[in-house]
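Note sheet for the following structure.
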Amino acid sequence: MNLREGKMGRQETIALLSTSLFISAVFTVNSSETYSTGNSTYLTLPISILLSVVIFLIVSFALKKSGQGGLMEMARYAFGPIGEFIYAFVLIAGLLIAAIIPTDNFLLVMQSYLYVDSDYTEIIIYIVPVIAILAFIGFEGLGRTAKLLSWVFIIILFVTFFNLGESLETYRLAPFLGDGVEHMATISINSMYCFLPGLLSIFTLTRGTQGEKNAKFSGVTSGIIAAVIVFITQLIIGMAFSYNELKDIFMPFYVINTISGNDSYLIRTEKLTVFIFLLGGIIAAAYYIYGAARIYVREFKQRDIRPAIASFSAILLTLVISKHVGMHYIKGVLEFASKYMTAILIIPTLLMCISALIRTSICEKKGIINES
């Protein structure tokens, strides 16, 4: 078998998941909608990550109690073969959407700020093949690459924020709760579709993480780390720009780097910063593509993951290009996902956990050994 899973430790898994969660939080924000009535992203995004971790812990508990070896095994145990296949399709769709949005936003940043005279399609043909290559390297390779770059990301974040200095003002955070607690709760829940697929798919890769216990520890730890870093990042962005300014700024994280570079030794390094975080985006997208391919080959009992990776990379390329060549239904799909994908993911996941726990309880009462 050629599944390219390998084996890696907790540090690599945490680095990979933390990078993916951070990218999915900071680089998927729709400024015109998110900041239209105020800025509460420094609360809503971390809360959304932590809520995703709660669902992750529920799944972990159900896995342990039911005695299943992984997420798809529990789906079969709870739903049967047909239900497992449907759930696998939902999770694959979630992973593809999680890969599309930050990839598209990075490409738009490069076209809008760096390569203004280049066509969108001329840029994407240099990015998606790199995503495919990293996915081909496999799960272990992705983890080790993420661990190598994670400290670079943290250092750049620290230096960028440190050099903002007196540019930050707390009054720009007003109104402090955005459009109110109810609106914040809605945003937090709706944003979970960005984080749940990446967290849940780690339970399909327990061989690579060397067990479900390591997968659980890595998922929880990376969720907490990502939530803290996202909180700091979005808080700094909110202190640098008012919400009236933010709603007209595409990708505030790029623009904030232009501020930190003014009148300092970091002048004109914002382009370098974008390319470094583009590597993070590529790693995140490659992880999502690999996760989708891993689920696919399991469901169709294939022994080689490479054709699936190539196929999903081609789908990513096709969908991202289609979004910008007049196929408006792609935008409609992404808008639908932003509103309903969280429910589409959470409802079957919780039903799966409940069904698995009930079946396990019945089997224990009858003295029957669990079999998936």
Side-chain angles (χ1 to χ4, degrees), residues 17-58 94 97-98 101-102 104-105 157 161 168-200 219-220 222-256 277 280-281 284 334-347 349:
L17 284 176
S18 299
T19 300
S20 300
L21 293 173
F22 174 78
I23 294 295
S24 293
V26 176
F27 297 99
T28 58
V29 174
N30 185 327
S31 297
S32 59
E33 294 182 5
T34 305
Y35 301 118
S36 59
T37 57
N39 177 18
S40 59
T41 54
Y42 57 92
L43 294 176
T44 56
L45 289 176
I47 290 172
S48 184
I49 294 173
L50 295 177
L51 288 174
S52 300
V53 171
V54 171
I55 301 297
F56 178 83
L57 286 171
I58 293 172
I97 291 171
I101 297 176
D104 181 46
N105 284 344
L157 283 173
F161 298 155
L168 303 179
E169 297 289 349
T170 55
Y171 73 83
R172 296 194 180 107
L173 294 171
F176 294 101
L177 295 180
D179 198 26
V181 176
E182 183 178 348
H183 184 65
M184 284 176 58
T186 302
I187 294 175
S188 296
I189 293 171
N190 286 344
S191 299
M192 289 172 67
Y193 79 96
C194 296
F195 314 115
L196 264 179
L199 282 172
L200 292 178
V220 173
S222 61
I224 294 172
I225 292 172
V228 171
I229 296 176
V230 168
F231 168 75
I232 295 171
T233 303
Q234 293 300 130
L235 184 67
I236 295 297
I237 289 174
M239 293 170 67
F241 305 103
S242 69
Y243 79 94
N244 282 317
E245 294 172 314
L246 283 170
K247 66 184 179 182
D248 297 322
I249 298 175
F250 177 70
M251 199 66 71
F253 187 81
Y254 172 81
V255 180
I256 203 173
F277 277 96
L334 295 178
E335 290 174 0
F336 175 87
S338 67
K339 294 179 180 179
Y340 304 110
M341 196 65 197
T342 296
I344 293 172
L345 284 166
I346 287 180
I347 292 173
T349 299

Can you see which heavy atom on Tyr35 is nearest to which on Tyr243, and at what distance? O-CD1, 3.3 Å
Take Val220 and Leu57 through the test side chain to side chain contact (heavy atoms under 4.5 Å, CB included) and record every step on the way to the result. CA-CA 8 Å; Val220 173; Leu57 286 171; 3.4 Å; yes
Check Cys194 against Thr28 and note the closest heavy-atom contact, atom names and distance. SG-OG1, 3.9 Å
When every non-hydrogen atom of Leu173 is compared with those of Leu235, the smallest separation belongs to CD1-CD1, 3.8 Å
Determine whether a donor-acceptor pair (N or O, by modelled atom type, separation under 3.5 Å) exists between the side chain of Ser222 and the backbone of Leu17. no
Let me confirm one number: the CG-CD1 distance from Leu157 to Ile229, rounded to the nearest 0.5 Å. 7.0 Å
Could you label the plane-to-plane angle of the Phe27 and Phe277 rings as parallel, tilted or perpendicular, counting under 30° as parallel and over 60° as perpendicular? tilted
Between Ser242 and Asn244, a side-chain donor and acceptor under 3.5 Å: no
Looking at CE of Met192 and CG of Leu199, how far apart are the two atoms once the value is rounded to the nearest 0.5 Å? 9.5 Å
Just verifying a value: how many Å separate Leu50 CG and Phe231 CZ, rounded to the nearest 0.5 Å? 11.5 Å
Nearest heavy atoms of Glu245 and Ile249, plus distance in Å: O-CG1, 3.1 Å
Closest contact, heavy atoms only, Ala226 versus Leu21: CB-CB, 3.6 Å
On a heavy-atom basis, which atom in Pro102 and which in Ile23 lie closest, and how many Å separate them? CB-CG2, 3.9 Å
Between Ile232 and Tyr42, is the side chain to side chain contact (heavy atoms under 4.5 Å, CB included) condition met? List the steps. CA-CA 7 Å; Ile232 295 171; Tyr42 57 92; over 6 Å; no
Roughly how far apart are Tyr193 OH and Ser48 OG, rounded to 0.5 Å? 9.5 Å
Find the distance between CD1 (Ile97) and CG (Leu345) and round it off to the nearest 0.5 Å. 8.0 Å
Donor-acceptor under 3.5 Å (Ser52 side chain, Phe195 main chain): no
Distance check, rounded to the nearest 0.5 Å: Asn39 atom CG versus Met239 atom CE? 11.5 Å
Listing, residues 181-188 side-chain donor-acceptor contacts under 3.5 Å, not counting sequence neighbours, or none:
| from | atom 1 | to | atom 2 | distance (Å) |
| --- | --- | --- | --- | --- |
| Thr186 | OG1 | Glu182 | O | 3.0 |
| Ser188 | OG | Thr44 | O | 3.3 |
| Ser188 | OG | Met184 | O | 3.0 |

